[in-house]
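First the proteins, then the strands, lettered A, B, ... as listed; each starts at 1. Source: prediction; values computed, not measured.
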Amino acid sequence: MIRDATTRAWVMLMMLSAASVMVALTDGAGFGASSAGAVILLFAWMKARVILARYLGLWQAPGWLSGFNWVLGLYCLLLLGLFLAPGLVR
Amino acid sequence: MDDGPENASANALETLPGDLMMWVLIVSELLVFGAGLAAFLSVRITDPSGFSLAQARLSPTAAGINTIVLITSGFLAARALNLRLLAQRSAARWHLVAAIGLGAIFMALKIDEYMEKAGEGISTETHPFFTFYYLLTGFHAAHVLAGMVILALVAWKDDPGDMEAGTAFWHMVDLVWVLLFPVIYLLG
């Protein structure tokens with residue numbers, strides 16, 4: 001168990017980054033590009049949350065952290081929608 | 001008596017850690033890169049197979065290694081600030097030097113990637129994918145370079161407030177990359 005929050009954040013970011021590359025390389029382990037894309041963007045959002053909370057210090061301002069998380073979450077959903085759009089308009 | 005709406009928003013701003021202008025800059029940069037990434041995926045709608053073929057020319061593993069380099073650099077910058085706040089000035093400076101060193105490795109890998117692409121005859125004109133690729137990753141690399149200079153300045157003049165602002169800029173560069181990396185290199 002890592003006690004230091006900064007180190008915990010770094011470990012989390014490393015794991016999420018490695019997992020993102022693994023998902024991309026395996027194309028979501030057979031679940032297809034759409035699922036892989038959703039997981040990759042979910043991981044991107046989680047990484048952004050960690051950086052905002054722990055490295056940029058927003059854990060000290062929960063209201064702002066929640067606001068940033070919501071906006072970034074909606075933005076990642078927009079990116080997912082744009083990523084999936086070619087399959088929907090076909 | 002002093003709890004009116006104006007004071008409430010002033011109090012809300014005061015809860016933000018660090019310098020308010022740094023947060024204005026962070027939000028501005030997120031908006032610029034966010035618009036760029038959304039435009040990239042919007043243009044992709046018109047030619048998904050062309051974008052997929054172009055993306056296959058990139059190495060997600062190499063970009064993943066560069067991500068780990070940048071994230072570790074951000075970790076060292078965060079530790080530097082913690083150490084400075086504990087008045088461990090020398091250790092804080094060394095952490096910043098290491099963070100700058102990792103920034104230099106990120107840049108070296110990025111230049112190597114650009115040279116490899118140039119060697120393959122890939123330019124901004126090759127395909128819209130590569131127009132966005134060079135524009136977005138190049139603009140980000142310029143921020144990495146600026147961040148390295150800023151970290152060097154706050155390592156030299158190590159006022160805690162300046163160091164907090166300087167490391168916040170570096171974390172913003174990190175934050176942009178964790179959004180840019182998956183969209184350009186992984187989503188395909």
Side-chain angles (χ1 to χ4, degrees), chain A residues 4-7 9-14 16-25 27 33 36-52 54-65 67-68 71-72 75-76 78-90, chain B residues 12-18 22-23 26-27 30-31 34 37-49 51-52 55 60-68 70-72 74-79 81-82 164 167-168 170-172 174-183 185-188:
Chain A
D4 177 48
T6 310
T7 308
W10 173 64
V11 170
M12 177 69 84
L13 289 170
M14 298 279 276
L16 287 169
S17 299
S20 299
V21 175
M22 289 297 290
V23 169
L25 291 177
D27 216 7
V39 171
I40 287 166
L41 284 170
L42 174 68
F43 287 170
W45 179 58
M46 289 167 73
K47 281 187 277 183
R49 284 168 52 110
V50 171
I51 291 171
L52 283 164
R54 287 296 156 191
Y55 287 179
L56 282 165
L58 281 187
W59 63 272
Q60 302 165 74
W64 284 104
L65 179 60
F68 270 93
V71 172
L72 279 173
Y75 174 70
C76 286
L78 168 71
L79 293 182
L80 180 61
L82 292 170
F83 172 66
L84 297 176
L88 301 174
V89 297
R90 235 178 256 156
Chain B
L13 289 176
E14 281 166 15
T15 61
L16 268 174
M22 184 49 69
W23 283 102
I26 289 169
V27 171
L30 284 175
L31 287 172
L37 292 173
F40 169 81
L41 286 177
S42 300
V43 175
R44 177 182 170 273
I45 294 172
T46 62
D47 180 19
S49 55
F51 268 65
S52 186
Q55 193 192 46
T61 309
I65 290 168
N66 232 359
T67 302
I68 284 170
L70 199 61
I71 282 170
T72 304
F75 165 66
L76 291 171
R79 277 188 59 89
L81 180 62
N82 292 343
E164 185 172 25
T167 54
W170 196 243
H171 298 317
M172 179 268 290
D174 232 356
L175 181 59
V176 167
W177 182 256
V178 300
L179 295 170
L180 192 153
F181 160 63
V183 174
Y185 291 87
L186 302 182
L187 287 184

Exercise. Identify the two heavy atoms, one from A:Tyr55 and one from B:Ala78, that lie closest to each other, and give their separation to 0.1 Å.
Key: CD2-CB, 3.9 Å
Quiz item: About how many Å separate CD1 of B:Ile68 and CE of A:Met14, when rounded to the nearest 0.5 Å?
Solution: 4.5 Å
Quiz item: Does any heavy atom of chain A fall under 4.5 Å from the side chain of B:Trp170, the backbone, both, or neither of them?
Solution: neither
Exercise. Look at the rings of A:Trp10 and B:Phe75 and say which category their plane angle falls in: under 30° parallel, 30 to 60° tilted, over 60° perpendicular.
Key: parallel
Exercise. Identify which part of B:Val183 has an atom lying under 4.5 Å from any heavy atom of chain A, answering side chain, backbone, both or neither.
Key: side chain
Quiz item: Which atom names give the shortest non-hydrogen contact between A:Leu72 and B:Leu179, and what distance separates them?
Solution: CD2-CD1, 4.1 Å
Quiz item: Between B:Leu41 and A:Leu79, which heavy-atom pair has the shortest distance, and what is it?
Solution: CD1-O, 3.5 Å
Quiz item: Run the side chain to side chain contact (heavy atoms under 4.5 Å, CB included) check on A:Trp64 and B:Leu13 step by step: do they pass?
Solution: CA-CA 9 Å; A:Trp64 284 104; B:Leu13 289 176; 3.9 Å; yes
Quiz item: For the residue pair A:Ser17 and B:Ile71, what are the closest heavy atoms and their distance?
Solution: OG-CD1, 3.1 Å
Self-check item: For chain A, the option from B:Leu37, B:Leu81, B:Thr67 that forms the most heavy-atom pairs under 4.5 Å
Solution: B:Leu37
Exercise. Evaluate the side-chain proximity of B:Arg79 to A:Asp4: yes if any heavy-atom separation is below 4.5 Å, no if none is.
Key: yes
Exercise. Starting at CG of B:Leu30, measure out to CG of A:Leu52 and round the result to the nearest 0.5 Å.
Key: 7.5 Å
Self-check item: Side chain, backbone, both or neither of B:Ile26 within contact of chain A (heavy atoms, under 4.5 Å)
Solution: side chain
Self-check item: Choice from B:Thr61, B:Leu187, B:Val27 maximising heavy atom contacts with chain A below 4.5 Å
Solution: B:Leu187
Practice problem: Of all the heavy-atom pairs spanning A:Ile40 and B:Pro182, show the shortest one and how long it is. | Solution: CG2-CB, 3.4 Å
Quiz item: Looking at B:Leu186, B:Val176, B:Asp174, B:Thr167, which one has more heavy-atom pairs under 4.5 Å with chain A than the rest?
Solution: B:Leu186
Exercise. Check whether any side-chain heavy atom of A:Leu56 sits under 4.5 Å from a side-chain heavy atom of B:Pro17, and report yes or no.
Key: no
Quiz item: Given that the side chain runs from C-beta out, which part of B:Thr72 has a heavy atom under 4.5 Å from chain A: side chain, backbone, both or neither?
Solution: both
Quiz item: Residues two or more places apart in sequence or in another chain: which of them pass ring pair (Phe, Tyr, Trp, His ring centres under 6.0 Å) with B:Phe40?
Solution: B:Phe51, B:Phe129, B:Phe132
Quiz item: Given that the side chain runs from C-beta out, which part of B:Asp47 has a heavy atom under 4.5 Å from chain A: side chain, backbone, both or neither?
Solution: neither
Quiz item: Can you name the nearest heavy-atom pair linking B:Ala38 to A:Leu82, along with the distance?
Solution: O-CD1, 3.6 Å
Quiz item: Among A:Leu78, A:Leu58, A:Leu13, which residue forms the greatest number of heavy-atom pairs with chain B at distances under 4.5 Å?
Solution: A:Leu58
Self-check item: chain A contact via B:Phe181 - which portion, at a heavy-atom distance below 4.5 Å
Solution: side chain
Quiz item: With chain B, which of A:Phe68, A:Tyr75, A:Trp45 has the greatest number of heavy-atom pairs at distances under 4.5 Å?
Solution: A:Tyr75
